[in-house]
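Side chains included, hydrogens not; waters and symmetry mates left out as well; all remaining heavy atoms used. What you see is a predicted model, and the numbers here were worked out from it, not measured in a lab. FYI, the numbering just counts along the sequence from 1.
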Amino acid sequence: MSERKVRVRFAPSPTGPLHMGGIRTALYNYLFAKKNNGDFILRIEDTDQNRYVEGAEEYIIKALNWCKLSIDEGPGLTTSKGPYRQSERKHLYKKYVDQLIESGHAYYAFDSSEELTEMRELAKKAKMPNWQYNSITRNSMQNSLSLSKEEVDKRFSDNVPCAVRIKMPRNEDVRFFDEIRGWVVVNTNNMDDKVIYKADGMPTYHLANVVDDYLMEISHVIRGEEWLPSAPLHVLLYKYLDLEKAMPKFAHLPLILKPDGNGKLSKRDGDRLGFPVFPLQWTDPVTKEVSSGYREKGYFPESFVNMLAFLGWNPGNSKELYTIEELIKDFSLERVGKSGAKFDPEKSKWFNQQHLRNKSNSELAHLMLLDCKYNVSNAFLEKVANLMKERATFHHELLSEEYFFKIFEEYDEKTFRKKWKSNTLLLVNEFFADLDLVESFLSNQIENTFQKFIEKKEIGMGALLPCLRLILTGKGMGPSLFSIMELLGKQEVMHRYNIKSTLFENLFLEKSNS
Ligand code: GLU
């Protein structure tokens, strides 16, 4: 038999912004598809109109775009397997419901939601808290199995709202193979008669999901662990609809856990624990509450994606820094773990820092240009990037030192107090006199002049270098001062020396006199 074409889908419900777990699911689907020359499909599962959130679908698409997980098929892209929003596929499901009713695997249920709530309350009082609509209780409910044919017909002609439920068999084992977990066996006694079609003519998630996976020729269902309990029902639906041959393979991804390992990382954890859980910032359309996003915090999409890839998967060696192309090459479901992956916010910063360092200076300068408020050349920004990139986690930090662009106003008090001594000005004056003679103002020449100077004076570099840094940058620490000097140029260096050395000396005198 010829190998089935790999077709995977990411199937979010537009019930709010996608959290990082959702993006990880999309990423694993994408990697798996691309690795196997397959298709990556986006399907919007919006059958539950009550949970629909304004702007959520747009958010999902923007988030995927930001992460550069391009879809082959999805809303707005015309292909033969569409439409890709379930609400636009409403007409497709009825046929499958009818087939299930006809074959005796589903039935009509007339119970109103009030009646169902009442039933649950009664069961709770009778110390049966987990009441379920199932093979035992269905006979005492209002449905086409418990009522006479006449009664059922009467309800139809009276237009009594009715849903369709799956008829779960008694005591049967449902077995399926999960690509990550191995064989999973669930007994139907532990499953209930789920509603598969609602009174409003909309399928529920379970039926729509199975029918669409079939119609869209999905080969692998790769989704979060929270859907594992639904999988046996899906397997039964394939069986009852005679679609077993078309059934996709299943892979349920491990949970992403809170940093302390205690429970699943939830949408509410993010800003509460001091890190974003959403790829992009999200403003709740109702409450207007704003939740932070990785993009707005300054993360590169490639480092966000690299970090997510490692939440549940590893390549089996010590390599951690990956481009998306390398992830595609190395990814496999076999290397996805079963147990929950602890999210580490510090590690996500580390990933960003590493990706930043791997970028070329010109790439970084390009990003800096967008935020830079000074009128400087691209070449100048490239040099700033070169000096700052080892010290930055986010690209906006490359612009954090104002001294590259203008004479500083504030200075580091502590360095001044510790380092400016009564003989400092004299040393500084002599050093700058030597420096003035340097013709090609390059960092190694400047460094040479400095080395010779301290040797001549028989002083350690600690006696002079911090004061020079103070004069030129106002700081106690920073990238190589010789390189900063080269970048600022001789004229600017001499100018700062002229202004700032007397200023610090005056401050010193004031302080020693008080
Ligand atoms: N609509 C489900 C969700 O919101 C999809 C589950 C699946 O992939 O089957 O996550």
- Task: Assess whether salt bridge (charged side-chain N to carboxylate O under 4.0 Å, His left out) is satisfied between Glu413 and Lys511, documenting all intermediate values.
- Result: CA-CA 12 Å; Glu413 273 268 354; Lys511 287 208 169 130; 3.7 Å; yes

Over all atoms of both residues, closest heavy-atom pair of [X] and [Y]:
X	Y	value
Leu488	Val493	CB-CG2, 4.0 Å
Ala309	Leu27	N-CD2, 3.7 Å
Pro254	Gly312	CG-CA, 4.1 Å
Ile218	His220	CG2-O, 3.4 Å
Leu333	Ile180	O-CG1, 4.1 Å

Below 6.0 angstrom between ring centroids: does that apply to [X] and [Y]?
X	Y	value
Tyr205	His234	yes
Phe250	Phe176	yes
Phe351	Phe300	no

- Qualifying residue, where the test is side chain to side chain donor-acceptor pair (under 3.5 Å) with Tyr497 and the options are Asp436, Asn429, Thr502: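 That would be Asn429.
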
- Message: Tell me every residue that passes side chain to side chain donor-acceptor pair (under 3.5 Å) with Thr287, counting only those two or more places apart in sequence or in another chain.
- Response: Asp284

- Message: Once you measure the plane-to-plane angle for Tyr411 and Phe504, does it fall in the parallel (<30°), tilted (30-60°) or perpendicular (>60°) bin?
- Response: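 Tyr411 and Phe504: perpendicular rings.
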
- Task: For the pair Phe431 and Phe450, name the ring-plane relationship: parallel under 30°, tilted 30 to 60°, perpendicular over 60°.
- Result: perpendicular

With a 6.0 Å cut-off (strictly less than), is the heavy-atom count around [atom1] of [X], excluding the residue itself, greater than 12?
X	atom1	answer
Lys35	NZ	yes
Lys490	NZ	yes
Tyr214	OH	no
Lys68	NZ	yes
Lys383	NZ	no
Glu410	CD	no

- Item | Quiz item: cation-pi between Arg295 and Tyr299, 6.0 Å / 45° | no

- Quiz item: cation-pi between Lys500 and Phe408, 6.0 Å / 45°: yes

Please tell me whether [X] and [Y] have a donor and an acceptor in their side chains that are separated by less than 3.5 angstrom.
X	Y	value
Asn314	Arg335	yes
Asp371	His396	no
Arg181	His252	no

- Item | CA sep, side-chain torsions, deciding dist, call: Phe278, Ile23, side-chain contact (heavy atoms from CB on, under 4.5 Å) | CA-CA 9 Å; Phe278 298 116; Ile23 293 281; over 6 Å; no

- Give a yes or no on whether a salt bridge exists between Glu302 and Lys359, defined as a side-chain N under 4.0 angstrom from a carboxylate O.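 So Glu302 pairs with Lys359 through a salt bridge.
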
- Query: So does Lys373 pair up with Glu402, basic N to acidic O under 4.0 Å?
  - Reply: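 Looking at Glu402 together with Lys373, the answer is yes, because their closest N to O distance falls below 4.0 Å.
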
- Query: Just one of Phe32, Tyr28, Phe310, Tyr322 clears the ring pair (Phe, Tyr, Trp, His ring centres under 6.0 Å) bar with Phe331, so which one?
  - Reply: Tyr28

- Message: Out of the candidates Glu382, Met368, His366, only one should pair with Asn361 under the side chain to side chain contact (heavy atoms under 4.5 Å, CB included) rule; please name it.
- Response: Glu382

As an exercise, state the distance from [atom1] of [X] to [atom2] of [Y], rounded to the nearest 0.5 Å.
X	Y	atom1	atom2	value
Leu311	Leu255	CG	CG	11.5 Å
Asp46	Ser87	CG	OG	3.5 Å
Leu398	Leu356	CG	CG	5.5 Å

Review item, side-chain donor-acceptor pairs of residues 462-481, under 3.5 Å, at least two apart:
from, atom 1, to, atom 2, distance (Å)
Arg469, NH1, Pro479, O, 3.0
Arg469, NH2, Pro479, O, 3.2
Thr473, OG1, Arg469, O, 2.7
Thr473, OG1, Lys475, N, 3.1
Lys475, NZ, Glu401, OE1, 2.8
Ser480, OG, Phe482, N, 3.3
Ser480, OG, Ser483, N, 3.1
Ser480, OG, Ser483, OG, 3.1

Return yes if some donor-acceptor pair links the side-chain N/O of [X] with the main-chain N/O of [Y] below 3.5 Å, else return no.
X	Y	answer
Asp271	Ser292	yes
Glu486	Ser443	yes
Glu397	Thr393	yes
Asn36	Ala33	no

- Task: In sequence, state the C-alpha distance, the side-chain angles, and the governing distance for Glu217 and Arg4, and then conclude on salt bridge (charged side-chain N to carboxylate O under 4.0 Å, His left out).
- Result: CA-CA 9 Å; Glu217 292 176 22; Arg4 191 171 179 184; over 6 Å; no

- Message: What verdict does the salt bridge (charged side-chain N to carboxylate O under 4.0 Å, His left out) test give for Lys34 and Asp72, after you've listed the backbone C-alpha separation in whole Å, the side-chain angles of each residue and the deciding distance to 0.1 Å?
- Response: CA-CA 10 Å; Lys34 298 301 134 191; Asp72 299 302; 2.8 Å; yes

- Task: Can you tell me which residue pairs pass the ring pair (Phe, Tyr, Trp, His ring centres under 6.0 Å) test with a partner in residues 58-80, sequence neighbours excluded?
- Result: Tyr59-Trp282, Trp66-Phe304

- Any chance you could lay out the salt bridge (charged side-chain N to carboxylate O under 4.0 Å, His left out) test for Glu73 and Arg7, step after step, and finish with the verdict? CA-CA 10 Å; Glu73 294 172 30; Arg7 286 177 54 84; 2.7 Å; yes

